[in-house]
Amino acid sequence: MEIGLIGLGKMGGNMRERIRRAGHTVVGYDRNPDLADVDSLEALVEALPSPRVVWVMVPAGGPTHDTITALGDLLGEGDLVVDGGNSRWTDDQAHAEQLGAKGIGFVDCGVSGGVWGLENGYALMYGGSPDDVAKVQPVFDALKPEGEFGSVHAGKVGAGHFSKMVHNGIEYAIMQSYAEGWELLEKVDMVENVTEVFRSWREGTVIRSWLLDLLVAALDEDENLSGIRGYADDSGEGRWTVEAGIENAVATPAITAALYARFVSRQDDSPAMKAIAAMRNQFGGHAVHTAAPAGGDAPESGESSGEAHPAHQ
């Protein structure tokens with residue numbers, strides 16, 4: 001099939017390549033001309049056959065809303081927009097209504113895979129009507145990991161991003177547990193090789209996971225994580241998960257504690273947050289904060305994996 005893709009940063013660019021490897025045609029747009037296939041949204045729309053499918057990979061909030069609004073003026077009845085960013089599910093419902101008034105379909109898709117997705121595939125959680133999902137199913141099939149799992153039609157519009165939000169909330173809690181365990185092992189005198197203890201857990205234990213693999217990879221690069229400041233950002237989805245728990249009277253103590261621990265990290269240089277920052281950098285290329293130089297603010301090393309809005313590229 002043929003599809004338009006807006007936002008060609010680390011994640012969007014790799015997604016374009018994976019879709020092309022599966023034999024599909026991708027017309028990519030980005031304000032950075034070195035990345036783009038066409039020089040405008042208008043040119044992207046004109047290059048696609050009708051009914052058109054356009055996938056948006058830009059930051060949540062204003063950038064996504066502006067891009068979808070612009071597409072609403074360019075696309076026509078029977079066309080489809082997919083929001084593959086990290087939008088809040090309530091925004092999805094508003095965008096579906098906005099586009100639906102013009103006969104344009106809408107699918108929201110939570111995407112997980114970070115900088116590893118090109119080779120490993122992307123876990124996909126999508127929401128929308130069965131008819132709209134069917135229009136983009138070949139691309140979902142191209143992006144997902146090989147095997148039986150890794151892709152799900154989660155429900156109606158908003159269900160994809162709601163599922164991805166909960167996924168990220170769970171991720172917060174798992175990462176926090178590994179990080180606290182690492183700090184405790186480092187603190188005591190009796191454990192002589194903490195990295196090897198974590199490495200041993202990668203086989204045969206109930207706590208083995210890809211996040212554990214990535215933490216070991218980070219420790220192999222810097223055994224004491226001395227080059228990373230104990231400061232961890234949050235992308236917003238952890239906050240949304242906690243808010244959704246409150247709204248639905250569902251207790252989320254582990255996720256909430258993990259979120260609050262990140263807030264604390266911005267006041268103190270936490271050893272556990274070095275591990276959190278290292279894992280975030282390993283799976284998503286998220287920036288890490290290095291130690292502050294004398295008389296100056298701490299710089300960041302590494303770029304965020306989020307694609308910039310076309311207007312900001």
Side-chain angles (χ1 to χ4, degrees), residues 10-11 14 86 110-125 143-152 154 160-187 191 193-225 228 230 232-238 240-242 245 252-262 265 270-288 302 304-305:
K10 286 183 179 178
M11 199 159 180
N14 283 345
N86 281 331
V111 182
S112 181
V115 296
W116 300 86
L118 175 59
E119 299 301 330
N120 297 342
Y122 299 88
L124 306 173
M125 296 142 270
L143 288 171
K144 71 177 290 292
E146 294 183 7
E148 183 179 356
F149 307 112
S151 177
V152 60
H161 280 144
F162 193 93
S163 299
K164 177 59 163 51
M165 177 196 74
V166 174
H167 165 281
N168 283 22
I170 293 170
E171 177 186 293
Y172 274 51
I174 295 173
M175 292 171 68
Q176 186 66 27
S177 295
Y178 284 140
E180 291 173 5
W182 175 77
E183 182 177 353
L184 181 57
L185 286 168
E186 283 282 341
K187 188 75 172 180
V191 180
N193 196 326
V194 175
T195 299
E196 291 307 315
V197 170
F198 271 83
R199 195 188 315 278
S200 75
W201 294 346
R202 295 176 62 187
E203 297 290 345
T205 72
V206 296
I207 64 168
R208 62 188 184 274
S209 73
W210 187 40
L211 281 172
L212 177 61
D213 295 343
L214 294 176
L215 178 54
V216 171
L219 293 171
D220 282 338
E221 294 174 5
D222 181 358
E223 183 175 7
N224 298 310
L225 303 179
I228 300 175
D233 291 306
D234 70 285
S235 62
E237 292 192 315
W240 299 345
T241 305
V242 172
T252 57
I255 295 171
T256 302
L259 174 65
Y260 278 30
R262 295 196 185 187
S265 80
S270 163
M273 283 302 144
K274 292 176 182 284
I276 296 286
M279 282 184 278
R280 293 182 81 243
N281 181 256
Q282 285 285 326
F283 69 70
H286 298 288
V288 295
S304 170
S305 65

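- The side-chain heavy atoms of E237 and Y172, taken from C-beta on, include no pair separated by under 4.5 Å.
- In this structure, I276 and Q176 approach most closely via the heavy-atom pair CD1-N, 3.6 Å.
- With sequence neighbours excluded, no residue satisfies side chain to side chain donor-acceptor pair (under 3.5 Å) with N224.
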Walk me through whether K274 and D222 qualify under side chain to side chain contact (heavy atoms under 4.5 Å, CB included). CA-CA 11 Å; K274 292 176 182 284; D222 181 358; over 6 Å; no

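- Put simply, the side chain of D220 reaches to within 4.5 Å of the side chain of R199, judged on heavy atoms.
- Of all heavy-atom pairs spanning G113 and M11, the tightest one is N-CE, 4.3 Å.
- Inter-residue side-chain proximity for F283 and M175 is flagged as met; some heavy-atom pair is nearer than 4.5 Å.
- Counting heavy atoms from C-beta on, the side chains of L124 and V152 never come closer than 4.5 Å.
- To the nearest 0.5 Å, atoms OG1 (T241) and CZ (F162) are separated by 7.5 Å.
- Considering only residues two or more places apart in sequence or on other chains, I174 meets the side chain to side chain contact (heavy atoms under 4.5 Å, CB included) condition with I170, Y178, L211.
- Partners of E183 by salt bridge (Lys or Arg N to Asp or Glu O under 4.0 Å), not counting sequence neighbours: none found.
- Between L212 and S209 there is a side-chain heavy-atom pair separated by less than 4.5 Å.
- E221 meets the side chain to side chain contact (heavy atoms under 4.5 Å, CB included) test with Q282; sequence neighbours excluded.
- S265 and M273 make their closest contact through CB-CG, 3.0 Å (heavy atoms, listed as atom of the first residue, atom of the second, distance).
- Smallest separation of non-hydrogen atoms from A123 and P145: N-CD, 4.2 Å.
- For the atom pair CG of L225 and CH2 of W182, the computed distance is 4.0 Å after rounding to the nearest 0.5 Å.
- Of the possible polar contacts, one joining the N14 side chain to the K10 backbone as a donor-acceptor pair under 3.5 Å is found.
- Looking at K164 and N168, their side chains do bring a donor and an acceptor atom within 3.5 Å of each other.
- Atom CE of M279 is separated from atom CG of L219 by 9.0 Å, given to the nearest 0.5 angstrom.
- Listed by chain and residue number, nothing satisfies the side chain to side chain donor-acceptor pair (under 3.5 Å) test with E186 (two or more places apart in sequence, or in another chain).
- The salt bridge (Lys or Arg N to Asp or Glu O under 4.0 Å) search around E203 returns none, not counting sequence neighbours.
- Judged purely by atom type and a 3.5 angstrom limit, R208 has no side-chain atom pairing as donor or acceptor with the backbone of W201.
- In plain terms, the two heavy atoms of S200 and T205 that are nearest each other are O-CG2, 4.5 Å.
- The side chain to side chain donor-acceptor pair (under 3.5 Å) contacts involving residues 143-152 comprise Y126-S151, where partners must be two or more places apart or lie in separate chains.
- Take D213 and apply the salt bridge (Lys or Arg N to Asp or Glu O under 4.0 Å) test, not counting sequence neighbours, and it matches R202.
- Here NE2 of H161 is found 6.5 Å from CG of N86. Values are rounded to the nearest 0.5 Å.
- With sequence neighbours excluded, the residues satisfying side chain to side chain contact (heavy atoms under 4.5 Å, CB included) with V191 are L185, V188, V194, V197.
- Under the rule for a side chain to side chain contact (heavy atoms under 4.5 Å, CB included), the partners of N193 that lie at least two apart in sequence or sit in another chain are T195, E196, E223.
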Output side-chain donor-acceptor pairs under 3.5 Å for residues 252-260, partner residues at least two apart or in another chain, one line each.
| residue | atom | partner | partner atom | Å |
| --- | --- | --- | --- | --- |
| T252 | OG1 | T256 | OG1 | 3.2 |
| T256 | OG1 | T252 | O | 2.7 |

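- Under the side chain to side chain donor-acceptor pair (under 3.5 Å) criterion, E171 pairs with no residue, sequence neighbours left out.
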